[in-house]
Amino acid sequence: MHFADGQIPLEYTRYINRKLAFIGGSIVLLGFLLVVSVSLGAANIPLPDVFLALVGKAISKRFEIIIWNIRLPQAFAAMVAGSGLAVAGAAMQAILRNPLGSPFTLGISHAAGFGAAFSIMILGSGVMSSASVGAVTISNPYITTLMAFFFSLVAAGVIIVVSKIRGASPETMVLTGIALASLFTAGTMLLQYFADDVQLAAMVFWTFGDVARASWGELSVMAIVTGMATAYLIGNAWNYNAIEAGDETAKGLGVRVNRVRLLGLFTSSLITAVVVSFLGIIGFVGLVCPHIVRRLIGGDHRFLMPATLVVGSILLLGSDTAARFILAPHLLPVSVLTAFMGAPVFIYLILRGYRR
Amino acid sequence: MILEVSGLSFAYKSRGILRDVRFHVANGEILAILGPNGVGKTTLLKCINAMLRPFTGSVLVNSENVFSLSTMEIAHRIGYVAQRAETSRLIAFDAILMGRRPHLSWKASDKDLAIVNAAIKLLDLGHLAMRYIDQVSGGELQKVALARALVQEPKVLLLDEPTSNLDLKNQVEILKIIRRVVKEHEVSAVMTMHDLNKALRYADKYLFLKEGVIFEAGEVIGVTAETIQAVYGLPVEIHYYKGNPVVLPVEKD
């Protein structure tokens, strides 16, 4: 069968260009936000000084230290975590053909949190010192991440099994997510119950998702893992489009549906595990971001996923910057803010009847 | 000869579904697979493109054995239109473009886009091209699914109840398009059907499945009331109206 008339509708070309413009515009916005975020804080640094410090020609040693040791790692951590969680959410929503999918709503974040806590307390892969930000120092990021990954895979496995038996309807998935979140939160509480005072305080602080605690070393591990994992997920955009059209249609298009689904959940769990290990549980970014982007540019994963990556960065970086001011001089952990933003969106999605 | 199925048997767990099914479909021919609910019509379709693996038998497309091809190679040769089309937030153009997936690695070329545009014209979907498919009707969605299978440029087209859930006008439209594409582009088509009248009108050949085996197969012109009665367990009469066979159930008072 061969047919083509050699014509490409102008309207379609414009439509694609609009999406590319959206992604381009988002990247510019992200760059702007990054500079603003670095400039704002307990000590406000004028924008020209931010630029000078970034290119290594800072006038003030104090500004240089604040920017390079505090502000930049925090901003980059927010960007990496935001983009990773958002892309993982977009992949899960496609793979499970379910608009309520995300690392947080499916309980995978909680599983990873338990795994990391287990590793820090029982396996001694971290040092707990005091009740403040940075209370837990992760001395062995590999074991911590591996344990977080292992338990997030357990959760993902349960989700796969349940979706095989009962189908991946939004109700089933969210109920499974509630069950898994409760289970692993209970596990974490059990660990906390047997902790001493210092450990307990450190643990509680650690479970608040906060991007301020990442050092350059942790950040680079997180960035490499998240970068490779998101690249893999974005590379599967065509497959996710096909799976959303139905398993049989996808198979008919040559997609190895089961393999793509398993590897997608595996990779999403890996992102969740590494982010949760270093930063704690940050909810709703993975749920909300893909929905915002889908409303704006549609659900074609070839554009949805790269755009989600950028918007995820913007959302978490923006939230973290805002969280520094809302209750100033207190610095709120960003997870508190994302939960306040995310929960209403979640309820809105339920009210709207899960439609995409 | 393009599609040749021989000695095909399939079982779910230990329950046998299909036994020794064999048939062939030539270029430009439509075969209608008929039979009661649950007899294994859809299963048979899924065996043809290796979505299900039969435990014996072979499927040849242009003398190539489908079961020794990769899923992507199969997608180059066989297009599949599922009975139920799922919606998502894609515009119809992109939903159809997905049919080019087996032919491209990442970027859709101008040629791919031109093929999609041609299919949209063929199925008269121009007014839908830029609309999200979660906002179109069931009949329109079914046409999008058909267009997607056509841009795959397959040699064999498998259609699972292409007219279910459609109103009369859409049923006729879809079947006419299928027939036109099959004739013009020398494709072979296999479709499962429940509507005997539509099957006899738009297909070239029929195949009745009963209890997992072929009860009877042949040219649509040769189908008899006795066969239909034996397959469905319901007495029928066949009348000819303007040269088209019409199957009518006989009601006994």
Side-chain angles (χ1 to χ4, degrees), chain A residues 1-16 18-19 90 93-94 97-99 168 234-260 290-291 293-304 306 354-356, chain B residues 46 49 51 70-76 78-91 93-95 97-99 101-102 104 106 108 110-122 126 129-130 132 134 145 148-155 157-158 160 181 184-187:
Chain A
M1 186 187 296
H2 286 289
F3 58 142
D5 55 5
Q7 288 176 14
I8 300 156
L10 194 61
E11 212 184 340
Y12 182 73
T13 317
R14 285 208 198 103
Y15 173 74
I16 295 298
R18 272 205 303 278
K19 294 189 188 197
Q93 287 168 17
R97 215 179 294 126
N98 187 324
I234 292 173
N236 271 283
W238 278 100
N239 292 338
Y240 298 155
N241 278 350
I243 287 177
E244 280 203 327
D247 280 12
E248 289 173 5
T249 304
K251 284 178 188 166
L253 292 170
V255 177
R256 292 153 82 182
V257 173
N258 288 334
R259 190 163 170 268
V260 169
H291 282 286
V293 178
R294 203 178 279 117
R295 296 228 99 180
L296 295 172
I297 65 166
D300 182 349
H301 288 81
R302 291 178 297 154
F303 301 95
L304 174 71
Y354 313 127
R355 273 195 56 243
R356 297 180 177 209
Chain B
K46 288 183 182 170
N49 70 348
M51 229 179 260
S70 72
T71 46
M72 205 53 98
E73 287 168 333
I74 295 172
H76 278 149
I78 305 179
Y80 183 85
V81 180
Q83 187 176 349
R84 225 169 76 88
E86 304 275 350
T87 66
S88 57
R89 199 148 187 86
L90 286 183
I91 59 168
F93 195 101
D94 284 332
L97 179 62
M98 222 174 352
R101 169 80 184 92
L104 51 83
W106 176 263
D110 286 354
K111 183 190 161 215
D112 295 315
L113 300 179
I115 290 172
V116 170
N117 198 41
I120 284 172
K121 282 186 185 161
L122 181 73
M130 301 301 297
Y132 285 119
D134 57 5
R148 178 163 51 219
L150 294 182
V151 301
Q152 246 175 294
E153 300 192 311
K155 300 181 178 75
L157 203 50
L158 305 178
D160 194 3
V181 170
E184 280 177 14
H185 296 275
E186 299 256 298
V187 183

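- Using a distance-only test at 3.5 Å, with no hydrogens or angles considered, no donor-acceptor pair links the side chain of A/W238 to the main chain of B/M98.
- Here the shortest heavy-atom pairing between A/G252 and B/Y80 reads CA-CB, 4.2 Å.
- For the set B/A75, B/G126, B/S70, the entry with the most heavy-atom pairs within less than 4.5 Å of chain A is B/A75.
- Only the backbone of B/I78 comes within contact range of chain A, with heavy atoms under 4.5 Å apart.
- Between the NZ atom of A/K251 and the CD1 atom of B/I74 there is a distance of 12.0 Å, given to the nearest 0.5 Å.
- Between the CD atom of A/E244 and the OG1 atom of B/T87 there is a distance of 9.0 Å, given to the nearest 0.5 Å.
- Looking at B/L97, both its backbone and its side chain come within 4.5 Å of chain A, counting heavy atoms on both sides.
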Show the numbers, then the answer: is there a side-chain hydrogen bond (donor to acceptor under 3.5 Å, both in side chains) between A/N239 and B/R101?
CA-CA 9 Å; A/N239 292 338; B/R101 169 80 184 92; 3.1 Å; yes
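- With chain A as partner, the option from B/V81, B/L104, B/D160 having the largest number of non-hydrogen pairs under 4.5 angstrom is B/L104.
- Within the 4.5 Å cutoff, the side chain of B/T71 has no heavy atoms near those of the A/V255 side chain.
- A donor-acceptor pair is defined here as one N or O able to donate and one able to accept, closer than 3.5 Å; no such pair exists between the side chain of A/E248 and the backbone of B/Q83.
- Heavy atoms of B/E186 lying under 4.5 Å from chain A are absent altogether.
- Nearest approach of B/A82 to A/T249, heavy atoms of both residues: CB-OG1, 3.9 Å.
- Among the candidates A/V257, A/N241, A/D247, the residue making the largest number of heavy-atom pairs closer than 4.5 Å to chain B is A/N241.
- In this structure, the portions of B/M72 lying under 4.5 Å from any heavy atom of chain A include both its backbone and its side chain.
- Among all heavy-atom pairs drawn from A/R302 and B/A108, the shortest one is NH1-CB, 4.5 Å.
- Between chain B and the options A/T13, A/L253, A/D300, the largest number of non-hydrogen pairs under 4.5 Å is found for A/L253.
- The CZ atom of A/R14 sits 9.5 Å away from atom CE of B/M130, with the distance rounded to the nearest 0.5 Å.
- We find the CZ-CD distance between B/F93 and A/E11 to be 10.5 Å, quoted to the nearest 0.5 Å.
- In this structure, the portion of A/I297 lying under 4.5 Å from any heavy atom of chain B is its backbone and not its side chain.
- Counting heavy-atom pairs closer than 4.5 Å to chain B, the top-ranked of the candidates A/P9, A/G235, A/A242 is A/P9.
- To the nearest 0.5 Å, atoms CG (A/L304) and CG (B/L90) are separated by 9.5 Å.
- To the nearest 0.5 Å, atoms CD (A/Q93) and OG (B/S88) are separated by 13.0 Å.
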Evaluate B/D94 against A/Y12 for side-chain hydrogen bond (donor to acceptor under 3.5 Å, both in side chains), listing each step before the verdict.
CA-CA 9 Å; B/D94 284 332; A/Y12 182 73; 2.4 Å; yes
